[in-house]
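Read through the structure below, which is laid out as structure tokens, and then see the notes.
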Amino acid sequence: MKKGIILTVIFLILTIWFIHQRETFGASPVENYKWYCAQCHGLNGKGDGPNATKEQPVTPRDHTDTKGMSKLTDADIENVIRDGGNATGKSTMMPPWGKTMTDAEIKDLVKYLRQLCKC
Amino acid sequence: MKWIKVYQKLIVVSFSMVFTGILAGTVNADVAGGQKIFEAKECGACHLTKGPNQDKTIEDKLKRKGPDLWFAGSKFKKEWLVKWLQDPKSIRQMAYNSIEKKNPGDHSKLSDKEASDVTDYLMTLTSIDVVSGTIQAKKDLMGKMVFEKKQGCYGCHLSMRGAKVAGGLTGPSLVDAGKRLQGDWIYAYLKNPQAIIPVKRMPTYAGVLNDSEMKSVAAYVASF
């Protein structure tokens with residue numbers, strides 16, 4: 001009887017903790033990439049999303065380009081995601097996401113980009 | 001003499017009361033009629049009419065089938081709305097929430113009478129976060145600078161670039177934004193997106209742009 005109550009309480013605490021984690025941790029990097037980044041960089045990161053039309057002044061960076069992407073440090077990538085193209089002297093066509101995603105989500109995206117470029 | 005004057009006044013007062021009663025009655029009839037049409041046609045299957053929107057995650061947003069209308073009266077110009085409901089030309093280039101499929105352009109159409117009643121109904125749906133009278137549409141130079149240089153708003157939105165329509169495709173077209181949108185709503189959306197559209201593919205600019213930049217770019221877009 002007592003054991004049952006204790007187990008129920010532990011189970012409840014764990015459930016609440018789990019829900020809380022999900023809320024504070026935000027979305028997964030894949031989910032964020034597909035939702036925010038792919039509209040320009042493409043679902044596979046090749047720089048070919050629907051916003052990369054002919055008339056745009058610059059093309060979105062190909063995130064699978066190992067050579068080009070390896071020139072950027074993790075801090076460069078983090079800064080450009082947070083503050084936009086301006087941060088690395090690139091075009092403002094790359095928007096700033098620092099007020100849209102949490103720092104943790106942005107750091108996760110940096111790791112995800114490293115997987116995409118294999119660099 | 002005195003009694004006659006009082007009597008005259010009474011008649012005027014009671015007449016005006018009846019008159020405003022009739023007026024209010026007919027106005028309400030249109031609003032109620034519009035709401036009935038909205039319900040009968042199941043517009044609510046795709047559109048939220050009771051705000052604010054409680055979405056927290058991308059998953060929540062992906063369940064939605066159409067843009068929110070709970071602030072329609074604060075967002076749209078009435079003349080635009082009544083015309084669009086009869087002849088709904090695509091606003092978004094891509095299908096709702098999609099970055100792969102094109103907008104099929106198959107939105108349901110209403111007759112002029114239905115459109116006028118539904119417009120009366122939708123114009124009663126407002127948001128307290130949209131303060132009317134703040135933004136005057138203006139070919140604002142600072143607004144233009146923000147739109148084209150400081151930020152690349154046209155990265156995701158079609159707009160007139162010189163005499164040509166150009167820009168990105170994932171945001172609603174802003175080509176006729178001035179005919180469609182109220183500047184006050186644009187400003188409220190930029191300033192506090194949480195209160196208007198909490199989950200969206202557009203970046204949050206509050207804290208990136210300052211208040212006068214947001215006002216300027218809202219005035220500029222409202223002048224399109």
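What you see below is based on every heavy atom in this structure, not just the backbone, and it leaves out hydrogens, waters and symmetry mates. Chain letters run A, B, ... following the sequence lines, proteins first, then strands; residues in each count from 1.
If you measure heavy-atom distances from A:Ala52 to chain B, you find no contacts under 4.5 Å at all. Contacts between B:Lys149 and chain A at a heavy-atom distance below 4.5 Å involve the backbone alone (N, CA, C, O). Heavy atoms of B:Gln93 lying under 4.5 Å from chain A are absent altogether. Using a 4.5 Å cut-off between heavy atoms, B:Tyr154 touches chain A through backbone and side chain atoms alike. Only the side chain of A:Pro57 comes within contact range of chain B, judged by heavy atoms closer than 4.5 Å. Only the side chain of A:Glu55 comes within contact range of chain B, with heavy atoms under 4.5 Å apart. With a 4.5 Å cut-off on non-hydrogen atoms, A:Lys54 does not touch chain B at all. For B:Met94, the part sitting under 4.5 Å from any heavy atom of chain A is the side chain, from C-beta outward, and nothing else. Heavy atoms closer than 4.5 Å to chain B are found in both the backbone and the side chain of A:Gln39.
Residues B:Gln151 and A:Pro96 meet the side-chain proximity criterion, which asks for heavy atoms closer than 4.5 Å. Two residues are said to be in side-chain contact when any heavy atoms from C-beta on lie closer than 4.5 Å; B:Ile99 and A:Asn51 fail this criterion. Between B:Val208 and A:Asp83 the shortest side-chain heavy-atom distance does not fall below 4.5 Å.
For the atom pair NZ of A:Lys99 and CG of B:Leu209, the computed distance is 11.5 Å after rounding to the nearest 0.5 Å. Atom SG of A:Cys40 is separated from atom CG of B:Leu169 by 10.0 Å, given to the nearest 0.5 angstrom.
Using modelled atom types, no side-chain atom of A:Thr100 and backbone atom of B:Pro203 make a donor-acceptor pair closer than 3.5 Å. A donor-acceptor pair is defined here as one N or O able to donate and one able to accept, closer than 3.5 Å; such a pair exists between the side chain of B:Arg201 and the backbone of A:Trp35.
In terms of heavy-atom proximity, B:Thr170 sits nearest to A:Pro50 at CG2-CG, 3.7 Å.
The greatest number of non-hydrogen atom pairs below 4.5 Å with chain A, out of B:Cys156, B:Gly171, B:Gly207, B:Ala206, is found for B:Cys156.
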